[in-house]
Number of protein chains: 2
Amino acid sequence: MDKAKRKRLEARGWRVGTASDFLGLSAEEAALVEMKVSLSQALRARREARGLSQVALAKRLRSSQSRVAKMEAADQTVSIDLLLRGLVVLGATPRDIARVLGRDSGVAA
Amino acid sequence: MDKAKRKRLEARGWRVGTASDFLGLSAEEAALVEMKVSLSQALRARREARGLSQVALAKRLRSSQSRVAKMEAADQTVSIDLLLRGLVVLGATPRDIARVLGRDSGVAA
DNA sequence: TGCAGATATGTCAGAGGTGACATATACTGG
DNA sequence: CCAGTATATGTCACCTCTGACATATCTGCA
């Protein structure tokens, strides 16, 4: 990782470091991050499947393009609540969301 | 509903009224409320299954008994994020949570 | 009855998430 | 090349959620 990127990440509250530092993530934090990543991936997939731009989705959510981008990036400043609202606006039912959470996000724990 | 209760509810942001007013709940709002109720029920079930008091759970969550009570009541002031944190602290995995969301909460939509 | 433990409800100051804006980067057709 | 469209990133004022406290209700027990 280059120094500029590392600095940006740290400025946003991420702890950046070696693999053992990452293991410092408690099991609880890891589970929450895993869910957040799964939901953000599902959001992007649903939006693209409908041929909507981030601007179009933002409009339906009464939000902004930049927030949608952060949602899909599972940004630190985005809550799981907001991701769920996004999915629901795209037509996802609670069962659809359950399916998303039941699947593996592909991100190593 | 007596007037005092109605006033308290309205002060907290609930729209109180006739059945047709309730039908004004959009499908999106309904889906989110359904998930919230499912999660709050699962939280209480898990806590009780472990023989923990609300005070004991609050301690693990670094929160307070009153907030835990509101979580289990699916109070308006409680986010889904917080419910998920509670479940995870009680040992629920993302898959456990998926199972909870996949089930019917028993609350009419 | 009175006490102790558990849960419910109301309130509020402070922490953290949100929408909006500015700006940057990337891709595409002309 | 460049204009147009889509997405990414940084920042900030505003508003919601949160923890904590006070208090109320309920149950079981001595």
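Values reported hereafter were calculated over all heavy atoms of this structure, with side chains retained and with hydrogens, waters and symmetry mates removed.
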Length of the line joining Leu52(B):CG and dA6(C):C1', which is rounded to integer Å = 13 Å
Give the minimum heavy-atom separation between Ser38(B) and Val100(B), together with the two atoms involved.
-> O-CG1, 3.6 Å
Any side-chain heavy-atom pair of Leu52(A) and Leu90(A) under 4.5 Å | yes
For atom CG of Leu82(B) and atom P of dA20(D), their distance in whole Å = 12 Å
Separation of dG16(C) C1' from Lys70(A) NZ (nearest whole Å) | 15 Å
Can you check whether any acceptor in the base of dC21(C) is under 3.5 Å from a donor in the side chain of Ser66(A), or vice versa?
-> yes
Nucleotide nearest Arg67(A) (side chain, heavy atoms from C-beta), chosen from dC21(D), dG19(D), dA20(C) = dA20(C)
Just compare dT18(D), dT7(C), dG19(D) and give me whichever is closest to any side-chain atom of Val78(B).
-> dT18(D)
Considering only dT18(C), dA8(D), dA8(C), which nucleotide approaches the side chain of Gln65(A) most closely?
-> dA8(D)
Where the side chain of Arg85(B) is concerned, which of dT18(C), dT18(D), dT7(C) is the nearest nucleotide?
-> dT18(D)
Rounded to whole Å, CG of Leu43(A) lies from P of dA8(D) at a distance of 11 Å
How would you label the contact of Ser53(B) with the nucleic acid (heavy atoms, under 4.0 Å): base, sugar-phosphate, or nothing?
-> sugar-phosphate
Looking at Ser63(B), does any N or O in its side chain come under 4.0 Å of the phosphate oxygens OP1/OP2 on dG19(D)?
-> yes
Once you round it to whole Å, what is the distance between P of dG17(C) and CG of Leu61(A)?
-> 18 Å
What nucleotide, of dA8(C), dC21(C), dG19(D), holds the atom closest to the side chain of Arg44(B)?
-> dA8(C)
Atom-pair distance (CG on Leu83(B); P on dG19(D)), nearest Å | 11 Å
Kindly point out which of dA20(C), dA8(C), dA20(D) is positioned nearest to the side chain of Glu72(B)?
-> dA8(C)
Heavy-atom side-chain contact between Arg46(A) and Asp96(A) under 4.5 Å | yes
Select from Ala69(B) and Ser79(A) the residue whose nearest nucleotide in DNA chain C is closer to the 5' end of that strand.
-> Ala69(B)
Backbone N or O of Gln54(A) within a donor-acceptor pair of the Lys59(A) side chain at under 3.5 Å?
-> no
For the residue pair Met35(B) and Val88(A), establish whether any side-chain heavy-atom pair is separated by less than 4.5 Å.
-> yes
Please state how far atom CZ in Arg60(B) lies from atom P in dG19(D), giving the value in whole angstrom units.
-> 17 Å
Rounding to a whole Å, what distance do you find between Leu84(A):CG and dG17(C):C1'?
-> 15 Å
With heavy atoms under 4.0 Å as the rule, sort Val68(B) into base, sugar-phosphate or nothing.
-> nothing
